[in-house]
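In what follows, every chain begins at residue 1, and chains take the letters A, B, ... in the order their sequences are listed.
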Amino acid sequence: MKTKNQNADFLHVGEKLLAWYKNHGRDLPFRKTNDPYKIWICEIIFQQTRIEQGLNHYRNFIQRFPDVQTLAHAETDEVLLYWKGLGYYSRALNLHKAALQIINDFNGVFPSAHQDILQLKGVGKYTAAAISSICFGKKIAAVDGNFYRVLSRVFADDFDVSHAKAFDYFSELAVKMMPEKEAGHFNEAMMDLGSEICKPKNPVCIYCPLNEACLAFNLGKIPLFPVKTKKVKPTDLELTYYFVEYKDQFLIKQRQVDFIWKKLYEFPTEIPVVFEKLISGQKKISHKLTHKNLTIHLYKVTLHSKKMFDDFATQEQFSAITYEDSHQKSFPKPLENYLFSLFEGE
DNA sequence: AAGACGGGGAT
DNA sequence: ATCCCAGTCTT
């Protein structure tokens, strides 16, 4: 009997959330479709990425790669180009690999079984749950940062969200709240509430549809939740680049190492000693990565001999391109900014 | 279980 | 300067 009443309470909160969503949910382009391909793309783009930041990328990506066949048959470089500036570039590489998986393993049809979806490169528990619920009506919670924040506050639950079991723990809570046949909308509702009302800082509790039920709010303990113990320590990283130019061309190569900016283009990292007297100056670039304070020492090397330029490019397997052509390559943000500063106004 | 992986906006 | 965002993959 006790269990029954508790479940009824959970369900009541879920229905409140859903009612709020129908009136106050955000109007986003991918909310108008149940096409698993489009939902997949949008879920990957918006991993660790704000809606405002990725919205244009989503639109451009879908326009250029409207279906899984188009994506699978594209060059990796072009997929990367459409990812330029989004960060976490392995997402784009995995996206392309997964498109080929769908062609080869699933006959070119986006899989509908949850376990199959989970097999796709770059698709983890969250993304698989989002696709399964939104596109295929499966009653599965797409537990993300919003779920952790909202649920930990509503139940004043101090379960450590950085713990490995947090996904399953909060998933169980969420499923209890989920109205039948509304898993997709429920998941979207939780994201919108977390984004617009139950924000990390200064949540707008007075407008929250769940404030009557919210334990943390009624206890005045909102700032205590969610509990997150994982601590990250910033480290320092220094890189050296040489911007080697001849007339209107400069040298680039593609990063292959499994480190930051894998598969993105960059400048030479070392030059022959005889070039050193041609260095016209150093520019220092400071850039903050997620857990790194990055300093780039950037030297500009202006060559006046086409033979030296060509020989160096050939021996070290660099490519020579113009500034105009560089728009067709994906550069790390700090290098992109440098290029822009060099050529702006021309 | 812990680290690595980008970039940008809010506070 | 710090936090954290529609997380996933690799030790």
Side-chain angles (χ1 to χ4, degrees), chain A residues 25-26 28-31 38-58 80 83-95 97-98 117-134 140-150 160-167 170-171 174 184-196 198-204 223 226 228-235 237 255 257-264 286-294 330-337:
Chain A
R26 292 175 291 185
L28 301 169
F30 39 86
R31 289 275 169 78
K38 292 197 178 77
I39 298 300
W40 169 49
I41 300 298
C42 101
E43 292 304 338
I44 301 295
I45 286 181
F46 293 111
Q47 284 170 10
Q48 302 293 285
T49 304
R50 286 197 172 69
I51 296 299
E52 315 80 67
Q53 188 188 351
L55 215 43
N56 265 338
H57 284 86
Y58 171 77
L80 236 17
W83 211 263
K84 185 181 338 193
L86 265 184
Y88 283 164
Y89 300 95
S90 65
R91 290 182 295 171
L93 301 176
N94 285 146
L95 213 48
K97 287 180 193 164
I117 296 172
L118 219 32
Q119 297 308 308
L120 300 175
K121 300 293 182 200
V123 174
K125 293 161 81 172
Y126 161 76
T127 303
I131 298 172
S132 288
S133 62
I134 294 171
I140 304 174
V143 180
D144 68 343
N146 293 304
F147 276 68
Y148 291 145
R149 198 166 53 253
V150 173
D160 182 1
V161 300
S162 50
H163 192 280
K165 298 276 85 164
F167 185 100
F170 286 101
S171 170
H185 290 320
F186 176 87
N187 285 332
E188 294 170 320
M190 195 68 92
M191 297 174 200
D192 281 11
L193 189 78
S195 165
E196 307 203 312
C198 198
K199 302 179 293 184
K201 309 290 181 193
N202 304 324
V204 200
K228 184 185 305 184
T229 62
K230 187 159 60 179
K231 39 189 163 280
V232 282
K233 52 240 172 256
T235 60
L237 175 65
R255 289 182 70 88
V257 288
D258 200 356
F259 184 41
I260 58 171
W261 303 324
K262 186 180 182 183
K263 296 286 187 181
L264 267 58
S286 295
H287 193 85
K288 183 74 175 72
L289 276 54
T290 302
H291 297 142
K292 286 186 176 61
N293 298 311
L294 172 63
S330 199
F331 286 93
K333 202 63 183 177
L335 299 188
E336 174 127 310
N337 291 343

With the side chain counted from C-beta on, respond yes when A/Phe46 and A/Leu55 share a heavy-atom pair under 4.5 Å apart, and no when they do not. yes
Using a cut-off of 4.0 Å on non-hydrogen atoms, how would the nucleic acid contact of [X] be classed: base, sugar-phosphate, or nothing?
{"X": "A/Ala130", "result": "nothing"}
{"X": "A/Leu28", "result": "base"}
{"X": "A/Ile51", "result": "base"}
{"X": "A/Lys121", "result": "sugar-phosphate"}
{"X": "A/Gly124", "result": "sugar-phosphate"}
{"X": "A/Arg31", "result": "base"}
{"X": "A/Lys125", "result": "sugar-phosphate"}
{"X": "A/Lys233", "result": "sugar-phosphate"}

State whether [X] places a side-chain N or O below 4.0 Å from either non-bridging phosphate oxygen (OP1 or OP2) of [N].
{"X": "A/Lys262", "N": "B/dC5", "answer": "no"}
{"X": "A/Tyr89", "N": "B/dG7", "answer": "yes"}
{"X": "A/Thr127", "N": "C/dT8", "answer": "yes"}
{"X": "A/Trp40", "N": "C/dA6", "answer": "no"}
{"X": "A/Lys199", "N": "C/dC4", "answer": "no"}

A/Val232 or A/Ser90, whichever maps to the more 5' nucleotide of DNA chain C: A/Val232
[N] to [M] separation - [atom1] atoms, rounded to the nearest Å:
{"N": "C/dC5", "M": "B/dC5", "atom1": "C1'", "answer": "14 Å"}
{"N": "C/dC9", "M": "B/dG8", "atom1": "C1'", "answer": "23 Å"}
{"N": "C/dT8", "M": "B/dG9", "atom1": "C1'", "answer": "23 Å"}

Between [options], which one does the side chain of [X] approach most closely?
{"X": "A/His287", "options": "B/dG7, B/dG3, B/dC5", "result": "B/dG7"}
{"X": "A/Lys292", "options": "B/dC5, C/dG7, B/dG8", "result": "B/dC5"}
{"X": "A/His291", "options": "B/dC5, C/dG7, B/dG7", "result": "B/dC5"}
{"X": "A/Gln53", "options": "C/dA6, B/dA1, B/dG7", "result": "B/dG7"}
{"X": "A/Glu43", "options": "C/dA6, B/dG7, C/dC4", "result": "C/dA6"}
{"X": "A/Phe259", "options": "B/dC5, B/dT11, C/dA6", "result": "B/dC5"}
{"X": "A/Phe30", "options": "C/dA6, C/dC4, B/dG3", "result": "C/dA6"}

Which residue lies more 5' along DNA chain B, comparing A/His163 with A/Asn337 via nearest heavy atoms: A/His163
More 5' along DNA chain B: A/Pro332 or A/Thr235, using each one's nearest nucleotide? A/Thr235
[X] [atom1] to [N] [atom2], straight-line distance once rounded to whole Å:
{"X": "A/Phe46", "N": "C/dT8", "atom1": "CZ", "atom2": "C1'", "result": "18 Å"}
{"X": "A/Tyr88", "N": "C/dA6", "atom1": "OH", "atom2": "P", "result": "13 Å"}
{"X": "A/Arg50", "N": "B/dG9", "atom1": "CZ", "atom2": "C1'", "result": "5 Å"}
{"X": "A/Ile44", "N": "C/dA6", "atom1": "CD1", "atom2": "P", "result": "15 Å"}
{"X": "A/Lys201", "N": "C/dT2", "atom1": "NZ", "atom2": "C1'", "result": "8 Å"}
{"X": "A/Asn56", "N": "B/dG7", "atom1": "CG", "atom2": "P", "result": "18 Å"}
{"X": "A/Leu294", "N": "B/dG8", "atom1": "CG", "atom2": "P", "result": "13 Å"}
{"X": "A/Lys228", "N": "B/dA1", "atom1": "NZ", "atom2": "P", "result": "18 Å"}

Judged by modelled atom types alone, do A/Arg91 and A/Thr49 share a side-chain donor-acceptor pair under 3.5 Å? yes
Classify the ring geometry between A/Phe30 and A/Tyr58 as parallel (under 30°), tilted (30 to 60°) or perpendicular (over 60°). perpendicular
Neighbour count >12 (heavy atoms, 6.0 Å) for atom NZ, A/Lys125: yes
Heavy-atom neighbours of A/His185 NE2 exceed 12 at 6.0 Å: no
Is it true that A/Arg31 and A/Asp192 have a side-chain N and a carboxylate O under 4.0 angstrom from each other? yes
A/Arg26/A/Glu188 salt bridge by N-O under 4.0 Å criterion: no
Could you walk me through whether A/Val257 and A/Lys262 pass side chain to side chain contact (heavy atoms under 4.5 Å, CB included), step by step? CA-CA 6 Å; A/Val257 288; A/Lys262 186 180 182 183; over 6 Å; no
